[in-house]
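If you're wondering where the values come from, they're calculated on a predicted model, not measured in any experiment. By convention in this document, chain letters (A, B, ...) are assigned in the order of the sequence lines, proteins followed by strands, and residues within each chain are numbered from 1.
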Amino acid sequence: MKVDIFCRVIDNYGDAGVCYRLGKELIGRYDDIYIRIITDNIEPFKLLTGINNSPIITSKMEISDRYCGLGDDIEPGDVIIEAFGCDIPLEYEDKIDNVKTWINLEYMTCEEWGQEYHLKKSINSKGIEKYFYVPGIGEGLGGLIFNGNEERSRKILQKDLITGVIFTYENDFTEFIGDLEKVPIKIKLQIFGEKSKKSFREYFGAKKINYDGKRIVFGNIIVEFIENVVQQEFDDYIKNADFCIIRGEDSFSRAVIYGKPFIWDIYKQEKNIHFEKLDGFIKKAEKYFDNKKTFEKYRNMMYNYNCVCTEKREVKTNYSDICISYLEYSEAAGKMMDDVRNNYNLVENIYNLIKRSE
Amino acid sequence: MKIAQEVSVGNTIKIGNDVFIIQKAQFNKSGRNSAMMKFKMKNLISGATSETVFKASDKMDDVRLDRRKMKFMYETGGAYSFQDQETWDQVDLTGDDLGDALNYLQEEMEIDVIFYEERAVGVELDNTVNREIIYTEPGIRGDTTGRVLKTAKIDTGFEVQVPLFCEIGDKIRIDTRTGEYMDRINK
């Protein structure tokens, strides 16, 4: 079964990361799938796969940048997935007569309204039905992308070292590091992505800290700048970390699947719409916390980090709590991980949707 | 041609050979400043209603049907009566025909009534309406940022999220396409 995933790379690595992961997990789990990712920018895919070719071809997947010039020879697949609402090129759409399943894979949300759109149908002038698929955690939502065979056991916290993965948009980390410096334990921060690294360089500059660009130790804090890694290696870093500050949807799903306490650096939108999206997740996360006070501290950290203005946010936040109350955050993260792994497998759901339409 | 985001209650669109009138329109922002729409629409040919979703950027073939400015007179037994102020003709529409327009309907309100093959099939609201708040909880003193919201009810019972500084008796402007508060007009 040929599954065409259309992917326009708007910014950062999220578009490519999600599409590649979806394709990879579909072919990893099911034998009857061949994936074609049709994109307008193949460069992020080269970084994610570690394959520096164009097109990128493996035994069950092909990634090409034909989005802007499909050519006459392309025949539509059996299944079409428009990622993040990207439009299908007209020359492809004109050829669609007999598609089995057409899916608009939307942005992830944990907000209640998402279930009013999830698996609802849309129609077009050709009379072909299309499903809207809304990823997310919660009843009536489409789940997250994962294989299902990932190792369930989680890393045991070391007594003398806590490791955090930092992969964020640009931010001022002064308050965050200031709080961590007061923790009576070594903390290793592994920094990924140019925006996070730029933010840390600015912090070092402001504090007049000399660094060699790769690793630096000051007080109890160890900072390591990690060079670009392929998707699987990045997954391993998150799996082996104790906590994360992550951005976007793909890293969010990794932090959840591996049961890591995390702060979500959410994509900023106009008119602060992202505050509602963040709240949508926080509301869903509450049920995994046994201790209400710990949940409130977690919520506070999320609001504070994302500069959310709300009457629920206390003025003072202490990021060191993620280390001090680590076991409680980890327990909540573990419950979320189990719930998602048991009930919200997007890959399985999409495959079942495709099979249902055959 | 419109995009889905520009389509509102009372608009008519053509998909294939079918003409639909929009009875309810729900707008939700998804990720990266994009959005989705959910329409409850009635097929004017078959009479069937359906709920359908679209990307806010999906192109819609909008169809302009006949419309007449009429005044909403009253409702009895689920029938909403509208009268043409020039010809004194009266037509009735059901609550389903009116859809989301019911959220803003007031007696004596002038509104465009849409006709298909000389039959009244719906109404089209202006993009904004001004309404008075009849109930809301008191807000926190001093909050003028407008970023924290609370629920306010207007006279139809429709609830709008408004800034904390809004009070009972305030007149507010509401975007009828999204149901969102726009601004406070005067106290």
Could you go through S30(B) and W113(A), starting from their C-alpha distance and side-chain angles, then the distance that decides it, and tell me whether this counts as side-chain contact (heavy atoms from CB on, under 4.5 Å)?
CA-CA 10 Å; S30(B) 55; W113(A) 62 260; 4.2 Å; yes
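Among V134(A), I266(A), T109(A), D15(A), the residue making the largest number of heavy-atom pairs under 4.5 Å with chain B is D15(A).
With a threshold of 4.5 angstrom between heavy atoms, E116(A) approaches chain B through its backbone and through its side chain. For chain B, the nearby part of I273(A) is the side chain; its heavy atoms alone come within less than 4.5 Å. For E106(A), the part sitting under 4.5 Å from any heavy atom of chain B is the side chain, from C-beta outward, and nothing else.
Minimum heavy-atom separation, Y117(A) to N28(B): OH-OD1, 2.9 Å. Residues I123(A) and T52(B) share a closest heavy-atom pair of N-CG2, 3.9 Å. Smallest separation of non-hydrogen atoms from Y107(A) and S34(B): CE1-OG, 3.3 Å.
In this structure, K277(A) contributes its side chain and K29(B) its backbone to a donor-acceptor pair below 3.5 Å. Between the S122(A) side chain and the V53(B) main chain, a donor and an acceptor come within less than 3.5 Å of each other.
A 6.0 Å sphere centred on CG of N17(B) holds no more than 12 heavy atoms belonging to other residues, nucleotides or ligands. Within 6.0 Å of NZ on K153(B) lie no more than 12 heavy atoms contributed by other residues, nucleotides or ligands. For Y13(A), the OH atom sits in a loose shell: 12 or fewer heavy atoms of surrounding residues, nucleotides or ligands are nearer than 6.0 Å.
Two residues are said to be in side-chain contact when any heavy atoms from C-beta on lie closer than 4.5 Å; K55(B) and K130(A) meet this criterion.
Scanning residues 36-47 of chain B against chain A with a 4.5 Å non-hydrogen threshold yields M36(B), M37(B), K38(B), M41(B), sorted by number.
In this structure, R32(B) forms a cation-pi arrangement with Y267(A), its terminal cationic atom sitting closer than 6.0 Å to the ring centre and no more than 45° off the ring axis.
A salt bridge is absent between D87(A) and K59(B); no separation between the charged side-chain nitrogens and carboxylate oxygens falls under 4.0 Å.
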